[in-house]
Amino acid sequence: MSFLDYSIAIAFSMIVFALGLSFSKSGGNVKSFFAAGGSVPWWISGLSLFMSFFSVGTFVVWGSIAYNSGFVAVVIQTTMSIAGFIVGFYIAPKWNKTRALTAAEFIADRLGVKTQNFYTFIFLLISIFGSGAFLYPVGKMLEVTAGVPLELAICVLGLLIILYTAAGGLWAVLITDVLQFVVLTAAVLIVVPLVFFEVGGVSHFINAAPENFFALSNDEYDCFFMVAFGFYNMVFIGGSWAYVQRYTSVSTPKDAKKVGLLFGSLYLIAPLIWMLPPMLYRVINPDLASTDAEGAYMMVSQLVVPDGFMGLILAAMVFATASSVNTTLNIAAGVFTNDVYKVYRKNITNKETMRVARIITVIFGLVTIWVALSVKSLGGIVEVVFSLSAITGAALFLPPLWAMFSKVQTGKTVMVATLVSLLINAFFKFLAPTWLDFSLGRSPEMLVGVLVPVVLLLIFELVGRYSGTVSGEYTLYQKLWRNKHQDATEEEVADGATANSFARKILATGVIAIGLLLLGLGLWADKGTGIICTIAVITLGCATIVYPRKNALARDHS
């Protein structure tokens, strides 16, 4: 990377960091800090959901799979689109109707405080470990492209993420996610044609690609894996406590539905476009070792982009990947503050609540950094992400999600389903290889992780329906919901409207800065000038759409 690359990377990083910090005064209460006042425009929430989910190792995990296995990486991610549509039609509106601030709050209302404590403990443990696994790719990208030591990159970026997440809350997370979507969309629309030019065109790429490079599945990622992974993603997108925020922070169930449908639509298009660069790089450089393939995305970008553009791509990818971390930190701190600390410390003031929220964000962030530093010793990021997903995903998120639609499930049934599933999955992952000299492959591991909780919950459901009785917990929840969820206070409504308008102004400012940065790079570039300048002008045009006008809030929720 050149001096201009480093300068552009630093400039973009400072833009994102400054805009994130600009929300430091917007989090005046818990609902504002953890739910953005409950009035987020659906398109902002949907783009944030896409970036939070999309960036979970996309450039490292999926880039590595795309380089090694080809089109399979696209097919796997297409299952996320199907999952997103299902969530949009059925699950997201249901979450919004609960009017709960967090998923943990819903669990307490529907299944009891003991059940909430059980899930909160597991969620906090797993989410901090998971966010550490997601911070690792950020450091890996910097190591590959800029030569920054992995440990230093993880520590510095981790601290930056902690600062603006602790300062600005969910609004800071949402707006920085949307800015990352803008710049990365612009970047990929520029990079893909430049890589095709480097390869020699579409026909040469197809002819030079390895055998079975465009197959829909392979031995490691077969059809059973696709089905199980798709179901897992439906559960994860619909039940992950971090993503539930995106459905509860919008005003109406109709808006929550749009959030899910926007996610599904983007994932119907994005995988092919985003996976093309590492797939094309397989033709350019077919000799990367398996572990080195984790850096394929950045290597191919370095090869084709003009001077200065690599710095923008690097900074954007770093912050995009980091969006999974700030999302997890925000919801983990929210769960601890709203559903643990406030429960055991009565009559807490709003000022003390906000102080605790920010302190807990910092503490969880520091633990995340420690976990990220340990990922390499755990077998690499691909192994960590897939194993973590297979073992914990459906077991943790499906039972409470099932209870949202069921009148017969109880706190005991969902806890039993989760605990038994986790024990069985952990046995096959950690003990069976040593005790029985037997280990599950990628597809069976994912199938077991999904099928065990489904079978257990189905048994409990059938037994409950056969007995013809409605759970007492469900009856109490219905009464509690009617009594608890009244109209928002005038203060909350005013705070939400003000924050909404302010957020759109900040977002428009960020989009203008990105557009000008792209325009300057296009005019400076020694290649790709036309396409870069065109994308820059389109980006600047988007800023005029984003900037709030009179009655903008009404249009957002129409």
Side-chain angles (χ1 to χ4, degrees), residues 53-54 56-58 61-87 90-91 130 133 210-240 264 267-268 271-272 275 279 290 293 379-399 401-402 417-418 420-433 436-459 461:
F53 192 83
F54 171 79
V56 179
T58 297
V61 177
W62 298 112
S64 174
I65 296 172
Y67 177 88
N68 288 313
S69 302
F71 197 73
V72 167
V74 177
V75 178
I76 296 173
Q77 291 179 82
T78 303
T79 65
M80 302 174 190
S81 173
I82 299 171
F85 285 122
I86 294 173
V87 169
Y90 302 107
I91 299 176
E211 186 178 359
N212 298 322
F213 201 61
F214 300 103
L216 301 182
S217 62
N218 57 27
D219 292 339
E220 186 174 12
Y221 304 106
D222 57 20
C223 295
F224 294 106
F225 174 87
M226 302 294 181
V227 173
F229 192 65
F231 183 85
Y232 160 79
N233 277 302
M234 182 195 71
V235 172
F236 192 63
I237 300 165
S240 172
Y267 251 110
L268 192 62
L272 176 61
M275 291 300 100
M279 289 174 63
S290 179
I381 188 64
V382 173
E383 185 65 27
V384 169
V385 169
F386 276 119
S387 294
L388 187 68
S389 301
I391 293 173
T392 67
L396 179 60
F397 300 125
L398 180 60
L401 192 61
W402 191 302
T418 292
V420 171
S421 299
L422 287 174
L423 291 174
I424 291 175
N425 295 339
F427 171 79
F428 281 110
K429 181 63 183 177
F430 301 112
L431 299 180
L436 306 178
D437 194 25
F438 170 78
S439 61
L440 295 175
R442 186 83 71 198
S443 180
E445 182 181 58
M446 186 62 67
L447 278 172
V448 170
V450 166
L451 287 177
V452 172
V454 168
V455 170
L456 290 172
L457 289 166
L458 185 59
I459 291 173
E461 187 73 21

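Position 1 is the first residue of the sequence, and the numbers go up from there.
- Between Pro399 and Ala394, the closest heavy-atom pair is CD-O, 3.5 Å.
- Here the shortest heavy-atom pairing between Gly84 and Ile237 reads N-CD1, 4.3 Å.
- Within the 4.5 Å cutoff, side-chain heavy atoms of Phe71 are placed close to those of Leu272.
- Atoms CG and CG, from Leu422 and Leu396 in turn, are 7.0 Å apart once rounded to the nearest 0.5 Å.
- The shortest heavy-atom contact between Gly238 and Ile91 is O-CG2, 3.6 Å.
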### Task
Could you go through the side-chain contact (heavy atoms from CB on, under 4.5 Å) check for Tyr232 and Thr79 one step at a time?
CA-CA 10 Å; Tyr232 160 79; Thr79 65; over 6 Å; no

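- Phe214 pairs by the ring-ring contact (aromatic ring centres under 6.0 Å, His included) definition with Phe205, not counting sequence neighbours.
- With respect to Val72, the side chain to side chain contact (heavy atoms under 4.5 Å, CB included) criterion is satisfied by exactly one of Gln77, Met226, Met275: Met226.
- Contact check for Phe427 versus Leu423: no side-chain heavy atoms found under the 4.5 Å cut-off.
- Closest non-hydrogen pair, Val450 versus Val454, comes out as O-CG2, 3.2 Å.
- For Phe224, the CZ atom sits in a loose shell: 12 or fewer heavy atoms of surrounding residues, nucleotides or ligands are nearer than 6.0 Å.
- Residue Leu216 holds its CG atom at 12.5 Å from CG of Asp222, rounded to the nearest 0.5 Å.
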Quiz item: When you look at Tyr221 and Asn218, which way does the side-chain contact (heavy atoms from CB on, under 4.5 Å) test go after all the steps?
Solution: CA-CA 5 Å; Tyr221 304 106; Asn218 57 27; 3.6 Å; yes

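- A distance of 9.0 Å separates CD1 of Ile86 from CZ of Phe231, quoted to the nearest 0.5 Å.
- The nearest pair of heavy atoms linking Ala395 to Thr418 is O-OG1, 2.7 Å.
- Residues passing the side chain to side chain donor-acceptor pair (under 3.5 Å) test with Ser240: none are found, sequence neighbours excluded.
- Across all their heavy atoms, Phe428 and Pro433 have their closest contact at O-CD, 3.5 Å.
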Under the side-chain contact (heavy atoms from CB on, under 4.5 Å) rule, what do Trp402 and Leu458 come out as? Steps first, then yes or no, please.
CA-CA 10 Å; Trp402 191 302; Leu458 185 59; 4.2 Å; yes

